[in-house]
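As the structure lists them, so they are numbered: ligands from 1, and atoms in each ligand from 1. The first residue of the sequence shown is numbered 1, and numbering continues consecutively from there.
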Amino acid sequence: MHPTLCTCGSRLPFSDCCQPLLRGECEASSAERLMRSRYTAYSLGDFAYVLRTWHASTCPPNLVDALNQENVKTQWLGLNILDSQAGKSTEEAYVTFFARYRDEQSPSWIYETSRFVRENNRWYYIDGIHRIPGRNETCPCGSQKKFKKCCAH
Ligand SMILES: [Zn+2]
Ligand SMILES: [Zn+2]
């Protein structure tokens, strides 16, 4: 029996990857780990985790209700982390990711550089800047194809 691989694309078993974070058994050791676990929480519909890892200063009101409504029609298809780097201090970090999903039949994606802060040894999502790939750029999904021949449509 193969263990179930984690949804975040790490190729690790779920039980060794995002599951202990979602269960609150340990804290994410880096902003990238938190980013991965938040993707997994979205894909599993664990919006309590999304809420608890969103910094209170920027967390939208009624987040969990809104996500529960959206989630009915959203299926997450894959995550690719393109870059992660420290910010102005070691308590700040930026993670650039590309996440694919299907929304009422049509495939779509989010390409974002997210900002994270660490407070009391815990990483939190703060906000992000949406990006758009160039048509001739290598697709950020990780396929090695050009964007226009891959996720652009
Ligand atoms: Zn994972
Ligand atoms: Zn692609």
Side-chain angles (χ1 to χ4, degrees), residues 1-55 59 63-64 67-68 70-71 73-87 90 92-153:
M1 273 260 308
H2 292 285
T4 311
L5 292 183
C6 193
T7 324
C8 78
S10 63
R11 297 177 188 277
L12 295 170
F14 180 48
S15 56
D16 293 343
C17 191
C18 294
Q19 189 176 44
L21 296 172
L22 266 55
R23 283 182 173 169
E25 293 168 3
C26 61
E27 296 298 329
S29 54
S30 68
E32 183 178 329
R33 286 294 305 121
L34 187 78
M35 166 65 228
R36 286 185 174 283
S37 65
R38 283 172 53 87
Y39 172 83
T40 299
Y42 272 99
S43 71
L44 297 177
D46 184 348
F47 301 128
Y49 185 81
V50 174
L51 179 68
R52 149 165 129 241
T53 54
W54 200 316
H55 197 269
C59 192
L63 174 74
V64 173
L67 289 178
N68 269 320
E70 272 173 40
N71 187 50
K73 45 188 180 160
T74 307
Q75 187 194 357
W76 292 91
L77 302 174
L79 172 70
N80 194 30
I81 305 264
L82 293 137
D83 187 49
S84 48
Q85 51 183 285
T90 54
E92 186 185 55
Y94 293 87
V95 179
T96 302
F97 70 93
F98 189 85
R100 293 179 301 116
Y101 64 94
R102 188 181 293 278
D103 195 349
E104 288 181 335
Q105 304 312 314
S106 62
S108 193
W109 44 267
I110 296 174
Y111 186 24
E112 184 182 303
T113 298
S114 302
R115 185 160 62 108
F116 296 89
V117 289
R118 186 164 55 182
E119 281 179 9
N120 303 319
N121 251 348
R122 280 189 182 190
W123 284 103
Y124 295 92
Y125 173 78
I126 286 260
D127 55 17
I129 298 163
H130 284 159
R131 308 166 65 119
I132 297 175
R135 290 187 56 77
N136 287 311
E137 253 177 58
T138 305
C139 190
C141 78
S143 66
Q144 313 290 336
K145 292 187 220 160
K146 283 189 177 178
F147 178 62
K148 67 181 178 191
K149 298 208 164 157
C150 189
C151 295
H153 46 75

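- Contact record, C18 with R33: N-NH2, 3.9 Å, taken as the closest heavy-atom pair.
- Between the SG atom of C6 and the SG atom of C17, the angle centred on the Zn ion (ligand 1) amounts to 110° when rounded to 10°.
- A cation-pi arrangement, defined by a distance under 6.0 Å to the six-membered ring centre and an angle within 45 degrees of its axis, is absent between R38 and W123.
- Draw a line from the Zn ion (ligand 1) to SG of C18 and another to SG of C8, and the angle between them is 110° (to 10°).
- Listed here is the closest heavy atom pair of G9 and R36: C-NH1, 4.0 Å.
- Judged by distance alone, with hydrogens and angles left aside, the side-chain atoms of Y39 form a donor-acceptor pair with the main-chain N or O of G78 at under 3.5 Å.
- With the Zn ion (ligand 2) as vertex, C151 SG and C139 SG subtend 110°, rounded to 10°.
- At the Zn ion (ligand 2), the vertex angle linking SG of C141 with SG of C150 is 110° (nearest 10 degrees).
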